[in-house]
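All values reported here derive from a predicted model rather than from experimental measurement. Residue numbers start at 1 and run along the sequence shown.
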Amino acid sequence: MHLKEATEPTPLAPYEGGCPECVHAGHQDWVHLRLCLECGYVGCCDSSPRQHMSKHHDETGHPTMRSYEPSENWKWCFVDDLLGA
């Protein structure tokens, strides 16, 4: 249900800039970037050491995100534990 209602907000950071929170803290070891489909927050994936996108979901309750990688178009719903396109 959440995936069908997800919007495509303007990203709050450019892909080329990396994970904003990692960069701000001096880290360069994120793996992939994700985009919150509620607010446009950009954060690193769960394969990254600090898992900023999952932390964003935990803190805000925003239910959906998508891959922010240029060649990927899948989406994920944290609430429903569901993958979508």
[atom1]/[X] to [atom2]/[Y] distance, rounded to the nearest 0.5 angstrom?
X   : Y   : atom1 : atom2 : answer
C44 : K55 : SG    : NZ    : 8.0 Å
L37 : H2  : CG    : NE2   : 12.0 Å
W76 : C45 : CH2   : SG    : 13.5 Å
M53 : C36 : CE    : SG    : 6.0 Å
M65 : K75 : CE    : NZ    : 12.0 Å
L33 : E16 : CG    : CD    : 9.5 Å

Are [X] and [Y] side-chain neighbours, meaning at least one heavy-atom pair lies under 4.5 Å?
X   : Y   : result
Y41 : P20 : no
H32 : S48 : no
L3  : L82 : yes
H57 : V79 : yes
Y15 : E69 : yes
E72 : R34 : yes
W74 : S67 : yes

CA sep, side-chain torsions, deciding dist, call: Q28, V23, side chain to side chain contact (heavy atoms under 4.5 Å, CB included): CA-CA 6 Å; Q28 299 291 322; V23 170; 4.3 Å; yes
H62 and H56 aromatic ring geometry - parallel, tilted or perpendicular at 30°/60° bounds: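 Rings of H56 and H62: perpendicular, over 60°.
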Side chain to side chain contact (heavy atoms under 4.5 Å, CB included) assessment of W30 paired with S47: CA-CA 8 Å; W30 62 87; S47 295; over 6 Å; no
Over all atoms of both residues, closest heavy-atom pair of P11 and Y68: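 Heavy atoms only, the tightest pair is CB-OH, 3.2 Å.
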